[in-house]
Student: 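Sharing a structure with you now.
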2 protein chains.
Amino acid sequence: MRLTDRQKLIFTLVIHEHIQTAQPVGSKTLVKKYNLAMSSATVRNEMAVLTDYNLLRQPHTSAGRVPTEEGYRFFVGNLIHKSALPTNTRRTITHQFYQSRQDVEQWLKLAASVLANQSQAASLVTAPHAERAIFKHLELIATRGRQVLMVLVLMGGEIRQQFITLVEAVPQERLSEIANQISGQCARCDAEGIARMRPRFDALGQDIVDILLAEMTLIEESATGEIYLDGMTNVLSEPEFAESDEARQALHIFEERSLLENLLSSTMMNTDVGGIQVLIGGEGTWEELRQCSVVLARYGDPNSLTGSVGVLGPIRMPYDRTISTVQFVANVLSDLVSETLAV
Amino acid sequence: MRLTDRQKLIFTLVIHEHIQTAQPVGSKTLVKKYNLAMSSATVRNEMAVLTDYNLLRQPHTSAGRVPTEEGYRFFVGNLIHKSALPTNTRRTITHQFYQSRQDVEQWLKLAASVLANQSQAASLVTAPHAERAIFKHLELIATRGRQVLMVLVLMGGEIRQQFITLVEAVPQERLSEIANQISGQCARCDAEGIARMRPRFDALGQDIVDILLAEMTLIEESATGEIYLDGMTNVLSEPEFAESDEARQALHIFEERSLLENLLSSTMMNTDVGGIQVLIGGEGTWEELRQCSVVLARYGDPNSLTGSVGVLGPIRMPYDRTISTVQFVANVLSDLVSETLAV
DNA sequence: TTTAGCACTCTCTTATGGAGAGTGCTAAAA
DNA sequence: TTTTAGCACTCTCCATAAGAGAGTGCTAAA
């Protein structure tokens with residue numbers, strides 16, 4: 001599909017106008033509003049062509065034109081001009097990050113909040129997660145009776161805590177001793193390596209190692225760690241979600257952790273760090289997202305920890321701006337992660 | 001305000017019917033539907049009285065009656081008969097908890113999920129939080145260069161982790177040594193006690209103690225820990241939130257952490273563990289909740305850790321059932337907390 | 001190839017007229 | 001004194017109709 005420059009112009013303007021007004025765009029309006037040096041009839045003819053190409057669509061015979069999903073895809077793939085975020089916006093965002101507490105969780109929450117505010121849509125951010133869990137440090141803390149708090153630190157700073165129940169009460173000194181042994185001998189090992197070390201420990205130590213291994217397997221199997229969401233109410237202000245049924249369907253995906261993980265992992269597989277993935281209207285796969293678009297980026301260090309950041313909004317979304325914002329936030333997070341967390 | 005038995009009956013039925021249908025309730029319908037042994041005219045007269053009492057309201061002159069907020073309050077305060085949750089529902093819920101991973105975070109998420117499903121409304125659960133932060137254990141883990149991961153464990157199992165940057169790189173052995181010293185000498189101390197111990201440590205140790213103190217103060221100042229939310233999309237299915245503006249207003253409070261904390265802390269001050277607080281229509285204080293009711297309970301052990309569980313839904317809410325559910329979940333959490341976390 | 005003109009189409013808004021549900025009041029019945 | 005039947009009245013909701021407005025496709029002229 002090859003468009004003339006004039007067709008590109010008209011198509012871009014239709015998208016632009018429709019994103020602003022949420023209404024079908026007519027030929028006359030377009031000519032008047034953008035002072036086009038051609039008549040509405042010409043625009044009409046070109047629109048007819050674009051409609052043939054399935055880039056535009058008429059809600060009904062005598063209405064203006066609306067971009068199709070395919071149209072949006074074509075726009076994002078071919079016509080969009082990536083505008084960098086304004087310098088002062090960039091500065092404000094960066095500032096907020098370096099201002100905040102130096103804590104991964106804070107950063108991720110902040111990233112979600114920034115994305116939600118900048119894009120006026122819903123945002124999602126996953127915690128950085130290593131593809132392979134590499135053990136770093138273990139801590140055992142007696143709480144009461146046979147209850148022990150196990151804190152597991154992975155290379156890269158992922159932390160998991162869990163209460164475990166031993167067969168009998170064990171004094172803190174003994175627990176510390178075991179934890180130190182394991183920490184010392186298994187540092188930088190993956191699950192396999194730890195399994196090999198298992199025989200070196202005494203009975204209690206082996207029990208602990210078993211729990212540790214189970215936990216590490218669990219971590220490796222989960223595609224993503226914690227997910228931070230924000231700005232869900234933003235999408236409620238969009239006219240396409242005025243009827244709460246539509247809104248419920250769209251927001252439902254945010255409450256179904258498994259759906260969300262699916263979406264993230266399946267799109268992340270195709271995206272490198274630094275890359276951007278744009279899902280428009282569910283792409284035929286995600287029934288719940290039929291009315292939505294998702295812009296996702298991957299951040300972190302591909303050799304150690306990566307996570308995703310993204311925005312979910314209506315299909316009628318200012319893609320250029322959203323993409324720049326998502327990309328920028330991803331970069332900021334990448335920097336922060338590699339500065340503080342990298343292996 | 002003293003009601004005759006017949007007035008109580010009619011009032012209760014109006015509430016019951018309105019909760020089911022979301023429509024104004026007329027005298028004729030009421031007589032027919034509930035086979036009342038009186039004529040619609042009698043019901044009409046009683047309704048007029050109840051309207052005088054400001055328990056009922058007419059949306060317009062010739063419409064049926066709708067409970068006022070005051071009416072709901074009167075109902076919850078005086079007429080409600082607390083029905084225990086059905087045995088098998090209770091069993092199902094308990095089962096889910098003991099089935100799940102033995103982990104506070106899991107329990108809280110599960111609690112939120114159970115509440116949301118059972119009440120078909122939005123739910124909120126706060127992590128158990130001690131009024132006074134009592135130090136238990138400190139861990140320092142070298143990551144890279146001057147970056148150190150600090151893991152702070154409080155009595156009761158609250159865990160905070162934070163990256164800190166030291167003035168110079170310090171080997172892990174030295175870090176462990178300091179952490180052990182502090183853990184050993186400051187165990188069971190509050191912030192004040194730790195401050196008194198500060199001179200005992202060397203320069204590096206004192207730096208760490210300062211960071212530790214800052215963190216503990218922060219924890220003590222925050223009214224509540226993590227907040228888990230669920231079921232937000234449930235409220236979107238209620239007819240009163242069909243227009244997304246209303247829904248946005250209601251859900252907004254869930255995204256403004258500070259609002260939520262305010263709400264929780266100010267209501268929790270008036271509630272003992274085991275008690276229930278019902279906020280109807282924002283009670284004049286919470287503008288955002290004008291269309292909503294909130295049922296909150298406190299769980300945990302008043303001497304150590306407490307948290308809140310609650311449900312947010314439309315004012316037209318089946319209070320009896322919601323209250324039982326919230327209370328039951330609060331009890332389950334109390335049990336779990338006192339079994340595993342108590343000081 | 002572009003444009004002016006025109007007939008036509010479809011939605012959206014507004015007005016109109018019941019149908020339906022419910023009320024309050026009055027006077028009769030219990 | 002309390003309850004009830006009856007009745008006039010009120011207000012919403014819904015379907016129908018008419019007109020305005022915006023836009024289209026087509027044709028013929030520029």
Side-chain angles (χ1 to χ4, degrees), chain A residues 2-11 13-18 20-68 71 239-240 242-243, chain B residues 2-11 13-18 20-68 71 239-240 242-243:
Chain A
R2 168 150 275 138
L3 301 190
T4 66
D5 282 352
R6 193 170 67 184
Q7 285 165 348
K8 287 182 188 171
L9 172 68
I10 290 175
F11 181 56
L13 288 181
V14 169
I15 288 205
H16 189 248
E17 181 68 10
H18 181 251
Q20 284 197 327
T21 62
Q23 297 294 326
V25 182
S27 53
K28 226 168 179 172
T29 325
L30 212 58
V31 172
K32 215 190 300 174
K33 200 150 180 180
Y34 294 91
N35 288 316
L36 295 186
M38 59 193 108
S39 77
S40 64
T42 311
V43 174
R44 239 170 359 251
N45 288 331
E46 295 289 37
M47 278 175 160
V49 176
L50 292 167
T51 305
D52 273 351
Y53 287 165
N54 200 22
L55 297 177
L56 295 180
R57 183 171 60 82
Q58 283 178 288
H60 50 86
T61 351
S62 68
R65 299 306 210 286
V66 164
T68 62
E240 32 271 88
E243 284 141 69
Chain B
R2 169 149 274 138
L3 300 190
T4 66
D5 282 353
R6 192 169 67 184
Q7 285 164 347
K8 287 181 188 171
L9 172 67
I10 290 175
F11 181 57
L13 289 181
V14 169
I15 289 205
H16 188 248
E17 182 69 10
H18 179 67
Q20 285 197 326
T21 63
Q23 295 294 326
V25 183
S27 52
K28 225 167 179 172
T29 325
L30 212 57
V31 172
K32 214 188 302 173
K33 200 150 179 181
Y34 294 92
N35 288 315
L36 295 185
M38 59 192 106
S39 76
S40 65
T42 311
V43 174
R44 237 166 5 244
N45 287 332
E46 295 290 35
M47 278 175 160
V49 176
L50 292 167
T51 306
D52 275 350
Y53 288 164
N54 201 23
L55 297 177
L56 294 181
R57 184 172 60 83
Q58 282 179 288
H60 54 263
T61 351
S62 68
R65 298 307 209 284
V66 164
T68 62
E240 32 270 87
E243 284 141 69

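Within every chain, numbering begins at 1; the chains are lettered A, B, ... in the order of the sequence lines, protein sequences first and strands thereafter. Bear in mind the structure is a predicted one, so any value in this text is a computation, not a measurement.
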Student: Which is it for B/Q7 and B/I10 under the side-chain contact (heavy atoms from CB on, under 4.5 Å) test, yes or no, and what are the steps along the way?
Tutor: CA-CA 5 Å; B/Q7 285 164 347; B/I10 290 175; 5.9 Å; no

Student: Determine which nucleotide pairs with D/dG25, using a 3.5 Å limit on both distances of a Watson-Crick or G-U wobble pair.
Tutor: C/dC6

Student: When the distance from CG of B/L36 to C1' of D/dT3 is rounded to whole Å, what number comes out?
Tutor: 14 Å

Student: Over how many whole Å does the gap from B/M38 atom CE to C/dA30 atom P extend?
Tutor: 19 Å

Student: Without decimals, in angstroms, what is the distance between B/H18 NE2 and C/dA21 P?
Tutor: 19 Å

Student: Under the 3.5 Å rule, do the base of C/dT9 and the side chain of A/T61 count as making a donor-acceptor pair?
Tutor: no

Student: Taking only N and O in the side chain of B/T42, is any of them less than 4.0 Å away from OP1 or OP2 of D/dT3?
Tutor: no

Student: Using only side-chain N and O atoms of A/S40, determine if any of them is under 4.0 Å from OP1 or OP2 of D/dG23.
Tutor: no

Student: How close or far is atom C1' of C/dT9 from atom CD of A/Q58, stated in whole angstroms?
Tutor: 11 Å

Student: Can you tell me if B/Q20 has over 12 outside heavy atoms packed within less than 6.0 Å of its CD?
Tutor: yes

Student: With rounding to the nearest 0.5 Å, note down the distance linking CZ in A/R57 to CZ in A/R65.
Tutor: 11.5 Å

Student: Nearest to the A/R6 side chain among D/dG23, C/dT2, C/dA4, which nucleotide is it?
Tutor: C/dT2

Student: Under a 3.5 Å cut-off for both contacts, is C/dA29 paired Watson-Crick or G-U wobble with anything, and if yes, with which nucleotide?
Tutor: D/dT2

Student: Whole Å only: how far is the CG atom of B/N45 from the P atom of C/dC25?
Tutor: 9 Å

Student: Between D/dT10 and B/S62, counting only base atoms on the nucleotide and side-chain atoms on the residue, is there a donor-acceptor pair under 3.5 Å?
Tutor: yes

Student: What is the distance from atom CZ of A/R6 to atom OG1 of A/T42, rounded to the nearest 0.5 Å?
Tutor: 6.0 Å

Student: Report the distance from atom CE of A/M38 to atom CG of A/L9, rounding to the nearest 0.5 Å.
Tutor: 5.5 Å

Student: Write down the atom of A/P24, the atom of A/P59, and the distance for their closest heavy-atom approach.
Tutor: CG-CG, 3.9 Å

Student: Under 3.5 Å for both donor-acceptor distances, Watson-Crick or wobble: does D/dA20 have a partner, and if so which one?
Tutor: C/dT11

Student: Between A/L30 (CG) and D/dA22 (P), how many Å, whole number?
Tutor: 15 Å

Student: So what's C/dG18 paired with, Watson-Crick or G-U wobble, going by both distances under 3.5 Å?
Tutor: D/dC13

Student: Taking CZ from B/R44 and P from D/dG6, how many angstroms apart are they, rounded to a whole number?
Tutor: 12 Å

Student: Classify B/T29 by what it touches in the nucleic acid, base, sugar-phosphate, or nothing, heavy-atom distance under 4.0 Å.
Tutor: sugar-phosphate

Student: Starting at CG of A/L50 and ending at P of D/dG23, how long is that distance when rounded to a whole Å?
Tutor: 17 Å

Student: Return the pairing partner of C/dT1 with a 3.5 Å limit on both distances, Watson-Crick or G-U wobble; otherwise return none.
Tutor: D/dA30

Student: Is there a side-chain contact between B/R65 and the phosphate of C/dG22, meaning an N or O under 4.0 Å from OP1 or OP2?
Tutor: no

Student: Using heavy-atom distances to pick each residue's nearest nucleotide on DNA chain D, tell me which of B/S39 and B/A63 is more 5'.
Tutor: B/S39

